[in-house]
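The structure appears right after this line, and notes come after that.
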Amino acid sequence: MENREIAQMLAETADLMEIAGEDPFRIRSYRNGAAAIEAYPERIEEVLRNPNKKVTDIPGIGKGLAAVLEEIVRRGSFERRDELLARYPPTALELLKIQGLGPKSIAMIWEHFRVSTVDGLERLCREHKLQTLPRMGAKLEEKVLRSIAQYRQSAGRFLLHFAEQTAQDLSAYLGQVAGVERITPAGSLRRGKETVGDLDLLVTGPGAAAALEAFVHYPRVQQVLSRGENKASAKVGLEGLQVDLRALPRESFGAALQYFSGSKEHNIALRNRALRLGYSLNEYGLFRLGADGKATHERVAGETEEEIYERLGLDWIPPELRENQGEIEAAERHALPKLVTLADIRGDLHMHTTETDGRATLEEMAKQCRELGYQYLAITDHSKALAMANGLDEKRVTEFAARVRRLDGELGIRVFSGIECDIRRDGSMDLADDALAELDFVIASVHSHMNLEVSEMTDRLLRAVECRYVRALGHPTGRVLLHRDGYPFDFEQVARAAARHKVALEINASPERLDLHAPLIRLARSLGCKFVISTDAHHPKHLLHMRFGVSMARRGWLTAADVWNTLPVEEFEKVIRWR
DNA sequence: GCCGTTTTCGGCCCGACTGTTTTCAGTCG
């Protein structure tokens, strides 16, 4: 079993314990344990098997959880979890994802109505039965109905990094099949879309058929949906991500890659273009049209994507741009932007340490940044409004900045002192000016009061952007993927102000946020904004999420020149010290 | 349940908001 799945089992049990009203500190231990295991670089199964190692050496794992881990690995569950699942149906966990309902309410709803599903909950709200329970009223019913609608929208989709991980695991497994030449992800994963509905994998080589056979016997397959000569589909993993694996002949690999990468809108436009030029395009290749207007068997392209685009009079279009948002016209004019790449990134400008809610020290984070080949980083812990994260007050800011200055240069990498400063409800900064003035890089972020009126939220963000110490606006929309929409505000107005005040908009690379997204990036760029791409890392391994932020930037048509943290350190320093 | 230890049990992040109350429980971050 994968660490991620073990962690999920512990976290779910913690949720169930919360519904059962158990000791909150014990629940927290389960959550801590889950986080520790998820972040642990080595497979827990291996650690348990190795007599020279102890799982209790992992911080957060003691005797109790060690026994639980052993039981999970041995039989796929553990006693406490089984007991709780006998008391509460597993669907009750789903209700926790409905905003406005917590464990106490879910327990009460279950006790009173024996309702534990989203559908059942919706009925209770519509029939105004929820408000018969203590402390629940009409407003809550409305809120829950809204949350249910939002929840349904995101159901069945998966975060980009989860889909990527599944693709990598599967590729490693299928790569061992003899005669497999290459395995390539297509679909929205290849386009770098922030969420993925299902995973398309293409496999070529003489062993492609054998790969299909191996795929349906992949140990993590939960359910085989279909199995043909050229394609197999299955639900993979406990999470049930649908994977479609297609075996392809080499001569049509490019056509299939193009076809299955999408987007649908891009492909429709491309096929229309092919028709106008006297071709027919499908997943097997680009074929010449006959005198009758029907496709002949004369294949003029198909082995690579490049030759297909070329035949259609287009430069090759990077997958991230394939949304039929002007990329075909630009490719025709040879005017596609030279998109920013991961290799362009020279620093990471948003991360947390053990000083607040991060899991590694400032030295550990800096070392990891150096290993990634960066020239610089900014340490940006939370400010005091985020009490739950042990945010820094003015005194600690000053002390911490001094520590950062001492460290700067010592590890062979520039370390800038920074803060992720909360924007208070009225738009003022959570820290006094003289504290902010000590820092090199101030990110202003909203973490509270997210349900203000549009005008109030807009004014709040405008005031933050106007603050002379602020250099970047952190995760500007506040969205959390599959969980919460961004707060409403006049983005255009704020972006204009950011451009005017030389405040960069952050593209937050954390897989749960990926905020900003493509349409807003393009809009902001057109208004003259600059950007930073940062990971918001709370652990050294989160620093590797930079690639997701770069994908978002590419989807937003950005070049290296649009992104501050592609600058060499001397130039970057000039940019942040301009006032 | 973990941790650190004044080695055997006490402490473990908490403030603000919301909707429901009429003094606060539950939720959120």
Side-chain angles (χ1 to χ4, degrees), chain A residues 10-11 13-37 54-72 78-81 84 95-109 111 125 128 130-147 352 354-359 381-393 396 420 422-426 430 445-453 456 474-475 478-480 483-487 510 512-513 536 538:
Chain A
L10 291 180
T13 305
D15 287 345
L16 287 166
M17 288 161 75
E18 210 163 21
I19 293 172
E22 293 189 20
D23 172 30
F25 294 112
R26 177 172 299 175
I27 293 166
R28 186 196 295 166
S29 294
Y30 273 74
R31 296 231 165 90
N32 284 342
I37 285 165
K54 293 200 299 265
V55 280
T56 48
D57 287 341
I58 305 171
I61 308 297
K63 266 173 71 178
L65 285 180
V68 165
L69 292 179
E70 191 276 325
E71 197 177 346
I72 291 178
F78 58 104
E79 198 181 338
R80 181 169 223 114
R81 175 171 182 267
L84 285 162
L95 296 189
L96 278 173
K97 299 196 177 120
I98 307 294
Q99 295 261 298
L101 283 190
K104 292 286 191 298
S105 308
I106 291 166
M108 188 160 31
I109 291 166
E111 303 304 339
C125 292
H128 303 299
L130 201 61
Q131 53 180 291
T132 63
L133 295 180
R135 294 197 155 271
M136 297 195 188
K139 282 202 174 172
L140 183 69
E141 286 181 341
E142 281 172 38
K143 179 174 183 176
V144 167
L145 284 173
R146 280 197 307 275
S147 312
H352 300 269
T354 45
E355 192 67 17
T356 61
D357 62 349
R359 298 185 72 87
D381 270 306
H382 289 292
S383 64
K384 61 179 188 281
L386 232 58
M388 67 176 259
N390 189 25
L392 274 58
D393 58 17
R396 285 175 64 209
E420 184 184 17
D422 259 57
I423 302 171
R424 290 196 290 228
R425 180 180 178 144
D426 64 358
D430 184 36
S445 298
V446 165
H447 290 116
S448 61
H449 309 286
M450 302 199 191
N451 53 354
L452 304 182
E453 290 298 317
E456 203 180 348
H475 40 73
R479 75 172 181 177
V480 176
H483 179 63
R484 176 181 85 201
D485 291 337
Y487 31 79
S510 162
E512 290 83 25
R513 289 193 184 267
D536 202 349
H538 287 67

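Each chain gets a letter, A, B and so on, in the order its sequence line appears, and its residues count up from 1. Both backbone and side-chain heavy atoms feed into the values below; hydrogens, waters and symmetry mates do not.
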Original post:
Base, sugar-phosphate, or nothing: which does A:Asp357 touch, judged by heavy atoms less than 4.0 Å apart?
Top reply: nothing

Original post:
Under 4.0 angstrom, heavy atoms only, what part of the nucleic acid is A:Gly100 near: base, sugar-phosphate, or nothing?
Top reply: sugar-phosphate

Original post:
Whole Å only: how far is the CD1 atom of A:Ile37 from the P atom of B:dC2?
Top reply: 10 Å

**OP:** Could you work out the separation of B:dC14 and B:dC9 based on their P atoms and round it to a whole Å?
**Re:** 25 Å

Subject >> Separation between CD1 of A:Ile37 and CD1 of A:Ile61, rounded to the nearest 0.5 Å >> reply: 4.0 Å

Original post:
Within the structure shown, what part of the strands sits under 4.0 Å from A:Ile61 by heavy-atom distance: base, sugar-phosphate, or nothing?
Top reply: sugar-phosphate

**OP:** Ignoring the backbone of A:Gln99, work out which of B:dC12, B:dT20, B:dG29 is nearest its side chain.
**Re:** B:dG29

Subject >> Anti/syn call for B:dT7, syn if |chi| within 90° >> reply: syn

**OP:** Give a yes or no answer on whether the side chain of A:Arg396 reaches the backbone of A:Gly391 with a donor-acceptor pair at less than 3.5 Å.
**Re:** yes

**OP:** Please state the P separation for the pair B:dT8 and B:dG1 - nearest whole angstrom.
**Re:** 22 Å

Original post:
For A:Leu386 and B:dA16, what is the distance between atoms CG and P respectively, to the nearest whole Å?
Top reply: 12 Å

**OP:** Tell me what A:Pro134 touches on the nucleic acid: a base, only sugar-phosphate, or nothing, going by heavy atoms under 4.0 Å.
**Re:** nothing

Original post:
Does a donor on one side chain sit under 3.5 Å from an acceptor on the other, for A:Ser510 and A:Asp536?
Top reply: no

Original post:
If only side-chain N and O atoms of A:Arg424 are considered, is one of them under 4.0 Å from the OP1 or OP2 phosphate oxygen of B:dA16?
Top reply: no

**OP:** Name the nucleic acid region contacted by A:Lys63, choosing base, sugar-phosphate or nothing; use a 4.0 angstrom heavy-atom cut-off, strictly under.
**Re:** sugar-phosphate

Subject >> A:Arg26 vs B:dG1: side-chain N/O to OP1/OP2 distance below 4.0 Å >> reply: yes

**OP:** Could you say whether A:Leu96 or A:Gly137 is positioned toward the 5' end of DNA chain B, judged by the nucleotide with the nearest heavy atom to each?
**Re:** A:Gly137

Original post:
Starting at CG of A:Asn451 and ending at P of B:dG29, how long is that distance when rounded to a whole Å?
Top reply: 10 Å

Subject >> Distance, C1' atom - from B:dC2 to B:dT7, rounded to whole angstrom >> reply: 15 Å

**OP:** When you get a sec, tell me which of B:dG26, B:dC12, B:dG1 is the closest nucleotide to the side chain of A:Arg28?
**Re:** B:dC12

Original post:
Does a side-chain N-to-carboxylate-O contact under 4.0 Å join A:Asp15 and A:Arg31?
Top reply: yes

Original post:
In terms of the angle between their ring planes, are A:His382 and A:His538 parallel, tilted or perpendicular, with boundaries placed at 30° and 60°?
Top reply: tilted

Original post:
Tell me: NZ of A:Lys104 to C1' of B:dT27, nearest whole Å?
Top reply: 11 Å

Original post:
A:Ser105 side chain N/O closer than 4.0 Å to the phosphate oxygens (OP1, OP2) of B:dT27?
Top reply: yes

Original post:
Using a cut-off of 4.0 Å on non-hydrogen atoms, how would the nucleic acid contact of A:Pro103 be classed: base, sugar-phosphate, or nothing?
Top reply: sugar-phosphate

Original post:
Taking the side chain of A:Ala387 as its heavy atoms from C-beta onward, which of B:dG1, B:dT20, B:dG15 lies nearest to it?
Top reply: B:dG15

**OP:** Using the C1' atom as the reference point in each nucleotide, state the distance between B:dT23 and B:dT18 in Å, no decimals.
**Re:** 14 Å

Original post:
Do any N or O atoms from the side chain of A:Ser29 and from the backbone of A:Phe25 form a donor-acceptor pair under 3.5 angstrom?
Top reply: yes

Subject >> Atom C1', compared across B:dC28 and B:dT22: separation rounded to whole Å >> reply: 24 Å

**OP:** Taking only the side-chain heavy atoms of A:His449 (C-beta and beyond), determine which of B:dA16, B:dT20, B:dG1 contains the nearest atom.
**Re:** B:dA16

**OP:** Determine the interatomic distance between C1' on B:dG10 and the same-named atom on B:dT6; round to the nearest Å.
**Re:** 12 Å

Original post:
Given B:dG19, B:dC2, B:dG15, which nucleotide is nearest the side-chain atoms of A:Leu65?
Top reply: B:dC2

**OP:** Using the P atom as the reference point in each nucleotide, state the distance between B:dG15 and B:dT20 in Å, no decimals.
**Re:** 25 Å

Subject >> Atom-to-atom span, CE of A:Met108 to P of B:dG19 - whole angstrom >> reply: 16 Å

Subject >> A:Glu71 bridged to A:Arg81 by N-O distance under 4.0 Å >> reply: no

Original post:
With a 4.0 Å cut-off on heavy atoms, is A:Ala138 in touch with a base, just the backbone sugar-phosphate, or nothing at all?
Top reply: sugar-phosphate

Subject >> Complement of B:dT8, any strand, by Watson-Crick or G-U distances under 3.5 angstrom >> reply: none

Original post:
In terms of side-chain heavy atoms of A:Leu140, which of B:dA16, B:dT20, B:dC12 is nearest?
Top reply: B:dT20

Subject >> Atom-to-atom span, NZ of A:Lys384 to C1' of B:dA16 - whole angstrom >> reply: 15 Å

**OP:** Using the C1' atoms only, state how far B:dG11 lies from B:dC17, rounded to an integer number of Å.
**Re:** 27 Å

Subject >> Nucleotide B:dG29, atom P - distance to CE of A:Met450 in whole Å >> reply: 6 Å

